[in-house]
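Quick one: the structure is below, and I'll ask about it shortly.
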Amino acid sequence: MNENKKSFEVVSNKNPRAILPNTLTIIGVCIGLSSIKFALDQNYGLSIIALLISGILDTLDGRIARLIKGTSKVGKELDSLTDVISFGVAPSFVMYFWAINELGKFGWMLVLVYTVCCALRLARFNLTTIEDNESWKINFFEGVPSPAAAGVVLLPLILNLSAIIQFENKEIISAAVILITSLLMVSKVPTYSLKRILIPRSLGIFLLLGIGVYLSLVIFYTFETLFFTGVIYIILIPISYFHYKLNSSAIFN
């Protein structure tokens, strides 16, 4: 007796190259989720490192998929779902265990608000389309992207670990940062899409040098470097807003 059966395929036979970027995505979410376990053990430094590695893998999986022509619909959906975990759930839990649990029910509410805003931001991103006559918009995100938001949310903890300055009322400061970042994620404030930056081949050697210097700083001055990186990103938000408005006015004029 013959029956029509559909086999379950993790990776389509039509595009087996998708397995590499999808594997990186899975590894990234496992590492990101592990940051919660490290926070439970009060090893907050390792939590930050885990989320940093997860962010790096999130950047690499998309680039590798496009490079080897291994993009797929499964990969796109998987990437969004794992981003909610790695950059929505995990950072909010880390901050909850570190500080905002002292705010009681309000602290838990902030965890829920941040995670929901992250999910909404990713859902909107997946539905965003750019018209052919507005190709310049590809250089901007609408709202703060979830990986960047995770980094901003963790800044109070990173600052505390860096020992640059010690501050009191960490739960109040952390709560304010989480609330503002949540609003920025679901806002329509244009922010730079750093993934779209194209470096001329003539400047490739300087890019590699810069990456080497930055990685050296991360290795030897981990939390200090991450903190100033986050501050620079925050400074770029108003700059990207005015840059976007300038491009918009130039098109319409």
inquiry  = Rounded at 0.5 Å granularity, tell me how far OG in Ser47 sits from CZ in Phe97.
reply    =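 Here the interatomic distance stands at 9.5 Å.
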
All ring-ring contact (aromatic ring centres under 6.0 Å, His included) counterparts of Phe223, not counting sequence neighbours =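 By the ring-ring contact (aromatic ring centres under 6.0 Å, His included) rule, Phe223 matches no residue at all.
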
Sequence neighbours left out, cut at 3.5 Å: what donor-acceptor pairs do the side chains of residues 112-121 make with other protein atoms?
{"unit_1": "Tyr114", "atom_1": "OH", "unit_2": "Phe87", "atom_2": "O", "d": "2.8"}
{"unit_1": "Tyr114", "atom_1": "OH", "unit_2": "Ala150", "atom_2": "N", "d": "3.3"}
{"unit_1": "Thr115", "atom_1": "OG1", "unit_2": "Ser92", "atom_2": "OG", "d": "3.4"}
{"unit_1": "Thr115", "atom_1": "OG1", "unit_2": "Val111", "atom_2": "O", "d": "2.9"}
{"unit_1": "Arg121", "atom_1": "NE", "unit_2": "Val144", "atom_2": "O", "d": "3.2"}

ask   = Considering only heavy atoms from C-beta outward, does the side chain of Leu81 approach that of Ile85 to under 4.5 Å?
value =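 Leu81 does not reach Ile85 side chain to side chain.
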
inquiry  = Please evaluate residues Leu155 and Ile234 with respect to the criterion side chain to side chain contact (heavy atoms under 4.5 Å, CB included), reporting the C-alpha separation (whole Å), side-chain torsions for both, the decisive distance (0.1 Å), and the verdict.
reply    = CA-CA 11 Å; Leu155 277 183; Ile234 292 174; 3.6 Å; yes

request  = Please report the closest heavy-atom contact between Pro147 and Asp58, naming both atoms and the distance.
outcome  =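 Closest heavy-atom pair between Pro147 and Asp58: CG-OD2, 3.7 Å.
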
Exercise: identify the closest heavy-atom pair between Ser174 and Ile100 =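 So the two residues come closest at CB-CG2, 3.8 Å.
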
message = Exactly one of Thr25, Ile19, Ile26 should register a side chain to side chain contact (heavy atoms under 4.5 Å, CB included) with Thr23. Which one does?
response =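 Going through the options one by one, the only one that passes is Ile19.
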
message = Would you say that Asn160 contacts Lys170 through its side chain, given a criterion of any heavy-atom pair below 4.5 Å between the two side chains?
response =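 Sidechains of Lys170 and Asn160: no contact.
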
request  = Would you mind reporting whether Leu122 and Ser146 have side-chain heavy atoms less than 4.5 Å apart?
outcome  =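 Yes, side chains in contact.
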
task = Report yes if the side chains of Asn139 and Tyr192 come closer than 4.5 Å at any heavy-atom pair, otherwise no.
result =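 Of all side-chain heavy-atom pairs linking Tyr192 with Asn139, none is under 4.5 Å.
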
Aromatic contact, Trp108 with Phe93 (centres under 6.0 Å) =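 They qualify: ring centres under 6.0 Å apart.
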
inquiry  = Any heavy-atom pair between the side chains of Phe38 and Ile48 that's under 4.5 Å?
reply    =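 A side-chain contact is absent here, since even the closest heavy-atom pair is not under 4.5 Å.
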
ask   = Do Phe106 and Leu110 have side chains that get closer than 4.5 Å, going by heavy atoms?
value =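 Heavy-atom side-chain distance check passes, below 4.5 Å.
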
request  = Kindly write out the residues that satisfy salt bridge (charged side-chain N to carboxylate O under 4.0 Å, His left out) with Glu142, not counting sequence neighbours, or none if the list is empty.
outcome  =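 Salt bridge (charged side-chain N to carboxylate O under 4.0 Å, His left out) check on Glu142 returns Arg124.
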
ask   = Hey, are the side chains of Pro190 and Tyr241 touching, using non-hydrogen atoms and a 4.5 Å cut-off?
value =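 Result yes, sub-4.5 Å side-chain heavy-atom pair found.
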
key: Rounded distance (nearest 0.5 Å) linking atom OG1 of Thr191 with atom CE of Met185   =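 One gets 11.5 Å once the value is rounded to the nearest 0.5 Å.
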
ask   = What is the distance from atom CZ of Phe167 to atom CD1 of Ile173, rounded to the nearest 0.5 Å?
value =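 Going from CZ on Phe167 over to CD1 on Ile173, the span is 5.0 Å.
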
query = Is the shortest heavy-atom distance from the side chain of Asp41 to the side chain of Leu46 under 4.5 Å?
reply =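 No, their side chains stay 4.5 Å or more apart.
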
task = Please report the shortest heavy-atom distance between Pro156 and Val177, naming the atom on each side.
result =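 Heavy atoms of Pro156 and Val177 come nearest at CG-CG2, 3.9 Å.
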
